[in-house]
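The sequence lines fix the lettering, A, B, ..., with proteins before strands; numbering per chain opens at 1.
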There are 2 protein chains.
Amino acid sequence: MMSEALPGHAMRGDVMSEHCPSREALKHVTSRWGLLLLVALGGGSLRFGALRRKVGGISERMLIQTLQWLEQDGFVQRIAHPGLPPRVEYRLTPLGEEIGAGARALADSIERNLDAILAARAQAASGAERAAPAENSAVGM
Amino acid sequence: MMSEALPGHAMRGDVMSEHCPSREALKHVTSRWGLLLLVALGGGSLRFGALRRKVGGISERMLIQTLQWLEQDGFVQRIAHPGLPPRVEYRLTPLGEEIGAGARALADSIERNLDAILAARAQAASGAERAAPAENSAVGM
DNA sequence: CGGTATCCTCCCAGATACTG
DNA sequence: CAGTATCTGGGAGGATACCG
């Protein structure tokens with residue numbers, strides 16, 4: 001599952017192992033909004049409202065919940081400024097910066113290659129059409 | 001949502017935009033098993049059974065389904081060798097290699113920093129205890 | 001061995017209402 | 001503005017059985 005938990009030696013997880021705790025962290029990072037929040041915070045700290053506006057389609061509830069997951073895993077730091085109205089900033093921790101860099105690289109690869117991805121999907125769809133010759137050239141999605 | 005779809009110019013997605021098609025690809029990559037499969041295939045082509053054994057905890061059904069998602073998006077190539085018993089290999093496409101590299105980097109960051117993550121979680125749990133000192137100390141999640 | 005088909009069960013996540 | 005609490009459904013994903 002992982003290497004020996006020797007005191008003083010960092011233990012290393014193994015995401016391929018079913019019961020490794022790293023799976024839990026991976027789950028948070030790859031949750032529906034986790035990766036997007038890590039990417040969004042890559043540019044620097046953001047307030048709750050700004051974060052909500054930046055990440056299109058996220059609900060307040062999921063924003064809070066995902067931020068709490070990321071905070072518990074030590075990826076995000078929550079900074080509450082006293083006073084009214086309440087102002088809370090969220091920023092990446094050093095650990096979060098590292099994870100966030102990977103998240104951004106992944107998102108960037110997808111964004112840059114979107115045309116190739118859409119082309120592959122169109123081809124897969126047309127291949128399916130050949131198998132089922134009942135004509136309908138509409139390629140949705 | 002994205003830059004103009006000029007013919008001859010690659011279009012670029014924007015994962016922050018709610019209706020951008022890149023969200024769909026991101027969903028597949030960050031699905032429960034998507035990232036793990038991309039990582040597993042990073043070392044070279046693998047057969048169905050080997051893949052199943054490598055990714056701990058995955059069911060046959062989700063293995064097939066996730067592979068099909070990744071195949072449709074052009075990340076994975078399926079190669080069926082004729083004959084009996086059936087032998088099917090899966091390997092990353094060039095596009096898949098690029099996505100897979102990001103996936104591996106992300107998984108690697110989590111694996112390497114697992115101790116820090118677990119420490120952060122332990123601290124968050126003890127902090128929550130201080131906030132609610134009366135109740136039972138079971139710290140679930 | 002490598003799938004497909006079917007059923008079923010959680011629980012993720014949206015909607016809504018309320019608070020400091 | 002930044003949360004919390006509760007209700008609910010939809011769909012991801014597991015179990016099982018069967019096929020080529």
Side-chain angles (χ1 to χ4, degrees), chain A residues 18-19 23-37 40-41 45-72 76-91 124 128 131-132 141, chain B residues 18-19 23-37 40-41 45-73 76-91 124 127-128 131-132 135 140-141:
Chain A
E18 184 172 3
H19 299 294
R23 280 277 179 97
E24 201 62 23
L26 189 68
K27 190 174 176 176
H28 296 158
V29 171
T30 64
S31 68
R32 174 153 191 196
W33 305 107
L35 190 134
L36 291 176
L37 285 178
L41 288 171
S45 75
L46 285 176
R47 293 183 49 194
F48 184 85
L51 213 39
R52 175 157 172 47
R53 265 171 269 119
K54 183 160 187 174
V55 180
I58 194 170
S59 66
E60 291 190 5
R61 184 186 185 280
M62 292 317 298
L63 178 52
I64 287 286
Q65 185 168 84
T66 308
L67 282 170
Q68 287 173 347
W69 287 339
L70 297 178
E71 191 189 355
Q72 284 169 24
V76 165
Q77 185 184 5
R78 180 183 181 277
I79 305 166
H81 300 273
L84 282 179
R87 305 168 102 262
V88 182
E89 280 181 55
Y90 292 91
R91 62 175 304 176
M141 170 170 259
Chain B
E18 183 172 5
H19 299 295
R23 280 278 177 97
E24 200 63 23
L26 189 68
K27 191 173 176 178
H28 296 158
V29 171
T30 64
S31 68
R32 176 155 188 198
W33 304 106
L35 191 135
L36 291 177
L37 284 179
L41 287 170
S45 76
L46 284 177
R47 293 182 50 195
F48 184 85
L51 212 39
R52 176 158 173 45
R53 265 170 268 121
K54 183 159 186 173
V55 180
I58 194 171
S59 67
E60 291 190 3
R61 183 187 184 279
M62 293 315 298
L63 177 53
I64 287 287
Q65 185 169 87
T66 309
L67 282 170
Q68 287 174 347
W69 286 338
L70 298 178
E71 191 189 355
Q72 284 169 24
D73 287 346
V76 166
Q77 185 184 4
R78 180 183 180 276
I79 305 166
H81 299 276
L84 283 179
R87 304 169 100 263
V88 181
E89 281 181 52
Y90 292 90
R91 61 174 304 176
E135 298 311 313
M141 148 120 220

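Straight-line distance from the CG atom of L63(B) to the C1' atom of dG14(D): 14 Å, rounded to whole Å. Atom pair Q68(A):CD and dA2(D):C1' shows a separation of 12 Å (rounding to whole Å applied). Taking atom CD1 on I64(A) and atom C1' on dA13(C), their separation rounds to 15 Å, with Å as the unit. Whole-Å rounding puts the R47(B) CZ to dG2(C) C1' distance at 9 Å. Distance, L67(A) CG to dT4(D) C1': 15 Å, rounded to whole Å. Here the P atom of nucleotide dA12(D) and the CG atom of L35(B) are 18 Å apart, to the nearest Å. For the pair I58(A) CD1 and dG3(D) P, the interatomic distance rounds to 13 Å; values are reported in whole Å. Rounded to whole angstrom, the span from the CZ atom of R23(A) across to the C1' atom of dG13(D) amounts to 14 Å.
Taking the nucleotide of DNA chain D with the nearest heavy atom to each of P86(B) and E89(A), the more 5' of the two is matched to E89(A).
Put simply, the side chain of R32(A) does not reach to within 4.5 Å of the side chain of T66(A), judged on heavy atoms. Looking at I79(B) and R91(B), their side chains come closer than 4.5 Å, going by heavy atoms from C-beta outward. A 4.5 Å side-chain heavy-atom check between L35(A) and V29(B) finds every atom pair outside the cut-off.
Taking every side-chain heavy atom of W69(B) into account, dG13(D) is the closest of dG3(C), dG13(D), dA2(D). Proximity note for V88(A) (side chain, C-beta onward) versus dC1(C), dG2(C), dG3(D): the nearest is dG3(D). Comparing dG3(C), dA13(C), dT4(C) by their nearest atom to the side chain of M62(A) picks out dA13(C). Of the candidate nucleotides dG20(C), dC1(C), dC12(C), dC12(C) has the atom lying nearest to any side-chain atom of K27(A).
Under the 30°/60° scheme for interplanar angles, the aromatic rings of Y90(A) and F48(A) are found to be tilted.
Evaluation of atom-type donor-acceptor distances gives a pair under 3.5 Å for the side chain of R61(B) against the base of dT6(C).
Remark: L46(A) CG to L41(A) CG distance equals 5.5 Å, nearest 0.5 Å.
The side chain of W33(B) contributes an N or O atom lying less than 4.0 Å from OP1 or OP2 of dG14(D). Taking side-chain N and O atoms only, S59(A) has no distance below 4.0 Å to OP1 or OP2 of dA13(C). Regarding contacts with the backbone of dG14(C), a side-chain N or O of R32(A) is found under 4.0 angstrom from either OP1 or OP2. Within the 4.0 Å cut-off from OP1 or OP2 of dG3(C), at least one side-chain nitrogen or oxygen of Y90(B) is found.
Nucleic acid contact class of R78(B) (heavy atoms, under 4.0 Å, all strands): sugar-phosphate only. Contact annotation for Q65(A): no contact, since no heavy-atom pair falls under 4.0 Å across all strands.
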